[in-house]
Amino acid sequence: MLGDNSMSDQLIIFDTTLRDGEQSPGASMTRDEKVRIAKALERLKVNVIEAGFPAASDGDFESVQAVATAVSESVVCGLARALERDIDRAAQALANAKQFRIHTFIATSPIHMQNKLRMEPEQVVEMAVKAVKHARQFTDDVEFSPEDAGRSDPDFLCHILEAVIDAGATTLNIPDTVGYSVPGEFGPMIAQLIERIPNADKAVFSVHCHNDLGLAVANSLSAVLHGARQIECTINGLGERAGNASLEEVVMAVKTRKDVFSCQPRIDTKEILSCSRLVSSITGFPVQPNKAIVGANAFAHESGIHQDGILKNRETYEIMKAEDVGWTANRMVLGKHSGRNAFRARMADLGEEFATEEALNRTFARFKALADKKHEIFDDDLQALISSSSGDEVNEVVKLVSLHVCTETGETPEARIVLTIDGEEKSATAQGSGVVDATFMAIEHIVHSHSQLLLYSVNNITSGTDAQGKVTVRLEKDGRIVNGKGAHTDIVIASAKAYLNTLNRLYSTEPRQHPQSAV
Ligand code: KIV
Ligand code: ZN
């Protein structure tokens, strides 16, 4: 993947949903969830999958290792601070990958060097060069990022980037870490770097934009127009704070405007929607209806004038085809009478393979229970079913045994819940402003988690009043933020399941090192 930058007609898509995406508050994923997303990204044909930051914790290390083993068509990348121990850890985690990259970084803006690193600029250059040389002992594919490049001095950037190319970096990623840049300056900055750095032709220039001002996609596209040939992005624009550039928006902008962009990604766009839904269902981050490309309204034409135009000639109001990004009708695929083979085959179409017969049987039993309540089972129901089965991986300390709720006009809603904690049965009754509030209070009477509820959201998975409700709960305790989810045709039960799933995740997550904390 050596760089000829603006001459190359390939746009490399580097997906960081599993790393920067996971840095969204509460978006932490289990190892199996990461593997499911990585396989979906591979089907999407992204060039590089940043699988995580292996030095963060043993769990992060194992997740990167599992992704490295599961994926063969995309390069698997691990993030490492410019420290030998981080790089060694990344190399160990990636050792089984068919193709792997080490991505090392250090901050270069005056504000980061002075306040976070407390280092002189020349010390930073020395560390960067040392890190790149060290990483090159494990692989020829080494990426370097000057963190907070958007607020760094261009002369210093030229100096450090020239030095790391000499040390062996093959991709230079320019991050707008705090989302401060605007397209009119960010693109020209990339052009300037490519022009001024004497050995720029030996590396691919990449960009990594954050969305604090809502400009991540615009900045990324401006960079491509000025010679960048890799974009770092995430599914649904997930990422630290306001998120990263959204993969689906970047890809469809470049594909739709081939007249403007001279380079193209290899992405299989028909996989975009299912990948977006998978990420949303695993992380519990719903996609807003008016989100470009993957939002429910993205291809919905409401006004009569628009519909008339579309019927006469779809191009009147449509610049892309809905089916090109995977919006075929959400088919009724299975029902109550469907057998195990039909179920297994449809799951395989969705990219879900069962490791054992037992795993298949467990999920099939859940499918049958759902089909008894809801006669038409759609692909999205199946995805939710897998997401709730993958909760099996979370150590379930607290389990729901039964829930009884009572609500009547003019009366205070009440919930009685029975749980097991480490196998021991406990029950409680509570009143609340509604049945969900009462249910959460009853749970808290038993568990006393002393956590704070940051978010409660309910979305329907498919349409109709028999649809499953998909509930996301976000809790905070001692600075740790965790999301959990639950799905059920009864939204009060879905809410209880989501609350318990969040508690179980809170109890089972280990402390992790944030990659962008001081070295
Ligand atoms: O935003 C950022 O600067 C990052 C780096 C680690 C590449 O995520
Ligand atoms: Zn970032």
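Note that ligands are numbered from 1 as they come in the structure, with each ligand's atoms numbered from 1 the same way.
For Gln516, every heavy-atom contact with ligand 1 shorter than 4.0 Å involves the side chain, none the backbone. Only the side chain of His210 comes within 4.0 Å of ligand 1, judged by heavy-atom distances. If you look at Arg19 next to ligand 1, the close heavy atoms, those under 4.0 Å, all belong to the side chain. With a heavy-atom cut-off of 4.0 Å, Asp20 touches ligand 1 through its side chain alone.
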Chi angles and distances behind the side chain to side chain donor-acceptor pair (under 3.5 Å) call for Thr16, His208: CA-CA 9 Å; Thr16 183; His208 173 112; 5.6 Å; no
Criterion side chain to side chain donor-acceptor pair (under 3.5 Å) on Asn244 and Thr234, from CA distance to verdict: CA-CA 6 Å; Asn244 289 68; Thr234 57; 4.8 Å; no
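Taking atom 4 (C) of ligand 1 as the reference point, the nearest protein heavy-atom neighbour is His208 NE2, 3.5 Å.
Residues Glu147 and Gln516 have side chains that bring a donor and an acceptor to within less than 3.5 angstrom of each other. Counting only N and O atoms by type, the side chains of Ser246 and Glu248 include a donor and acceptor under 3.5 Å apart.
Residue Thr177 places at least one N or O, backbone or side chain, under 3.5 Å from an N or O of ligand 1. Considering backbone and side-chain atoms together, Ser145 places no N or O closer than 3.5 Å to any N or O of ligand 1.
With respect to the salt-bridge test (charged N to carboxylate O, under 4.0 angstrom), the residues Asp324 and Lys255 do not qualify. Salt bridge annotation for Arg43-Glu73: absent, with no cationic side-chain nitrogen under 4.0 angstrom from a carboxylate oxygen.
Residue-ligand proximity, Glu147 to ligand 1, at heavy-atom distances under 4.0 Å covers atoms 3 (O).
Relative ring orientation between Phe138 and His134 is described as perpendicular, the plane-to-plane angle rising above 60° on a 0-90° scale split at 30° and 60°.
Within the protein, the N, O or S atoms lying under 2.8 Å from the Zn ion (ligand 2) are Asp20 OD2, His208 NE2, His210 NE2.
Tested against Glu240, the residues Arg19, His514, His210 include a single side chain to side chain donor-acceptor pair (under 3.5 Å) partner, His514.
In this structure, Arg474 forms no cation-pi arrangement with Tyr456, as its terminal cationic atom is not both closer than 6.0 Å to the ring centre and no more than 45° off the ring axis.
A distance-only check finds a donor-acceptor pair linking the side chain of Asn504 to the backbone of Val398 [under 3.5 Å].
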